[in-house]
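Each chain gets a letter, A, B and so on, in the order the sequences are listed, and its residues count up from 1.
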Protein chains: 2
Amino acid sequence: MTNKDALKHYDVNQYRTPDGYTSDIAVFTITSEKTGVYKPPEMTLKLMLIKRSVKDAEDNPNIEAEKWALPGGFVETSETAFEAARRELEEETSVKDVHLKHFGVYDRPGRDPRGWIISNAHYAIVPEHDLTARKANDDAAEVKLFSLDELKTIALAFDHDTIIIDAIKMITSDLLQTTVAKAFLPKAFTYSELQAVLLTVTNDPAIASHQSFARKIKTLPFIQEVKGQTTSRTSKKPTQLYQFNDMEVVKPIYTARY
Amino acid sequence: MTNKDALKHYDVNQYRTPDGYTSDIAVFTITSEKTGVYKPPEMTLKLMLIKRSVKDAEDNPNIEAEKWALPGGFVETSETAFEAARRELEEETSVKDVHLKHFGVYDRPGRDPRGWIISNAHYAIVPEHDLTARKANDDAAEVKLFSLDELKTIALAFDHDTIIIDAIKMITSDLLQTTVAKAFLPKAFTYSELQAVLLTVTNDPAIASHQSFARKIKTLPFIQEVKGQTTSRTSKKPTQLYQFNDMEVVKPIYTARY
DNA sequence: CTAATAGTGTCTATGAGACAGTATATA
DNA sequence: TATATACTGTCTCATAGACACTATTAG
């Protein structure tokens with residue numbers, strides 16, 4: 001291997017290196033307020049944040065104490081930031097198999113008072129009941145779900161305000177332009193459940209009109225009926241269930257109507 | 001400032017830190033082969049790569065020598081990776097004001113034999129004539145434009161094969177789902193020039209049919225006529241010029257037709 | 001029965017896409 | 001004149017979206 005010779009001469013310390021590499025996660029969930037039995041849910045998109053404690057693990061004063069922050073932590077040498085996000089999310093919420101996606105890197109000099117620390121940011125989608133289960137377990141740390149409106153009113157640590165703005169932009173466009181909505185839904189869902197998820201980020205009349213959407217869902221190539229399967233969880237009348245298939249869609253803005 | 005107390009106790013060296021933080025750039029251009037005067041161009045999407053030299057600046061054997069690689073380099077402590085990309089691109093091509101976008105981070109352990117090196121990857125869009133000007137200046141380094149087909153046949157350094165695959169996916173969907181196409185075009189362009197750009201990444205009949213597209217362009221809310229302005233660069237008949245406005249578009253996959 | 005959600009019948013307007021024709025320039 | 005690209009007139013078919021209606025169940 002010719003790289004061996006080259007490595008003999010390479011000094012890993014000739015450059016100034018970062019002081020840390022962290023993985024942060026914007027954990028989104030949708031809370032379904034059941035307005036009653038036999039009704040479709042009212043859904044709200046929420047973000048999970050953690051309140052930084054006054055003292056750290058060694059009982060020293062903590063950086064950015066008492067501000068709200070995204071969960072996350074340092075990446076180990078043996079893993080990618082993506083794997084770190086998955087690990088930390090499992091430690092935090094004891095949920096595996098969450099939908100996780102990288103959406104940005106935050107490396108502005110001075111963003112972290114501790115030094116040159118690069119944050120690799122992801123968003124995660126976790127079903128609501130997985131989060132509420134976790135909150136019961138760990139009563140020490142302050143964990144809370146914030147609606148997008150509530151987020152504007154609280155003090156955020158580091159540059160997490162910027163990261164959160166980007167995360168919201170990203171999940172909004174992903175919900176509308178990709179099939180991630182499935183991560184918020186059970187495998188088989190009704191048209192009104194999918195509709196409720198989409199309405200958390202848009203008010204497009206084609207999606208908001210229930211008759212239009214009930215018709216439209218049957219023509220979408222990436223969604224199919226679950227033949228013969230129905231549920232009564234959203235109405236007294238048994239409702240057809242649907243599921244996503246594996247199709248990927250890229251819909252050009254240059255085609256079809258506006 | 002309460003953070004001051006906290007910082008006294010913070011030891012920046014308690015964690016193993018990365019050995020380097022680099023910014024890499026996938027430089028895309030579209031080559032227009034003029035098939036004749038008064039004709040619309042034939043366009044091909046190409047990626048600029050640099051052949052790594054046998055010896056480095058200190059005359060030692062170079063890592064991944066003689067393989068093709070994305071341009072890039074180490075990020076300075078005083079800048080973001082995005083700024084580093086802009087700086088390196090200017091050093092490399094002496095072009096300012098290029099369209100530049102982050103699209104991924106590459107941090108798999110072992111991806112670089114020199115150590116734990118994190119690559120922050122961007123794609124850039126540079127008009128062809130800016131690249132050809134540059135090639136004339138710097139005859140030392142081997143720089144070449146590769147069509148997407150040619151890329152499959154060459155030896156790539158590090159994990160740049162993976163990075164390039166992601167870059168191509170990203171620019172393809174951005175060309176169709178956002179208005180980045182404008183970065184490949186002059187400020188005022190004809191419908192056939194925009195069409196040629198889009199056809200480098202799609203064969204959607206609604207875009208490929210020239211009558212359909214000539215009509216469609218007038219209805220797109222993010223494109224407007226430049227009143228009274230025409231050009232003869234693509235045909236003998238003077239042709240209407242168009243320009244992008246500042247509108248941002250998110251087109252849901254759940255609306256309109258398929 | 002009422003009330004509530006799911007779903008369909010049907011109409012209208014709009015637009016996609018095809019085809020053929022017209023417009024405007026060069027040589 | 002021929003030729004090449006730009007553009008429009010017009011037709012057909014599909015469908016978005018609106019409105020009104022029907023279907024099915026719980027209580």
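- No close placement of the B:Y242 and B:F222 rings is indicated, their centers lying 6.0 Å or farther apart.
- The CD-C1' distance, from A:Q195 to C:dT5, rounds to 11 Å in whole Å.
- The separation between B:H210 atom NE2 and D:dA4 atom P is 13 Å, rounded to whole Å.
- For A:K227, the salt bridge (charged side-chain N to carboxylate O under 4.0 Å, His left out) partners at least two apart in sequence or on another chain are A:E225.
- Distances shorter than 4.0 Å separate none of the side-chain N or O atoms of A:T255 from OP1 or OP2 on C:dA16.
- Rounded to an integer number of Å, the gap from A:Y191 OH to C:dT8 P is 10 Å.
- Listed candidates were D:dT24, D:dA6, C:dA25. Nearest to the side chain of B:K236 is C:dA25.
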Between the protein and nucleotides 18-21 of chain C, which nitrogen or oxygen pairs are less than 3.5 angstrom apart?
from, atom 1, to, atom 2, distance (Å)
C:dA18, N6, B:R215, NH1, 3.4

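- Note: CZ (B:F213) to P (D:dT8) measures 15 Å, nearest angstrom.
- Spacing between atom CG of A:L194 and atom P of C:dG7 amounts to 13 Å, rounded to whole angstrom units.
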Side-chain atoms of residues 201-208 of chain A: list all donor-acceptor pairs with protein atoms under 3.5 Å, sequence neighbours left out, distances to 0.1 Å.
from, atom 1, to, atom 2, distance (Å)
A:T202, OG1, A:D204, N, 3.1
A:D204, OD1, A:A206, N, 2.8

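- With C:dA16, C:dA6, C:dA3 as the candidates, the nucleotide lying closest to the side chain of B:K216 is C:dA16.
- Below 30°, between 30° and 60°, or above 60°: for A:W68 and A:F146 the angle between ring planes is above 60°, a perpendicular geometry.
- At whole-Å resolution of the value, CD in B:E225 and P in D:dA6 are 15 Å apart.
- Every residue was checked against the ring pair (Phe, Tyr, Trp, His ring centres under 6.0 Å) condition with A:F184, not counting sequence neighbours, and none meets it.
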Anything under 3.5 Å between a donor and an acceptor, one on a side chain of residues 175-183 of chain B, the other on a protein residue two or more places apart or in another chain? List them.
from, atom 1, to, atom 2, distance (Å)
B:T178, OG1, B:D174, O, 2.7
B:T178, OG1, B:V180, N, 3.2

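- In this structure, the ring pair (Phe, Tyr, Trp, His ring centres under 6.0 Å) partners of A:F244, at least two apart in sequence or on a different chain, are A:F189.
- If you take CD of A:E193 and P of C:dG7, they are 11 Å apart, rounded to a whole angstrom.
- In terms of position along DNA chain C, the nucleotide closest to A:Q240 lies nearer the 5' end than the nucleotide closest to the other residue of the pair A:Q240 and B:K237.
- The phosphate of D:dT15 (OP1 or OP2) has no side-chain N or O of A:T219 nearer than 4.0 angstrom.
- To the nearest angstrom, P of D:dA16 lies 12 Å from NZ of B:K251.
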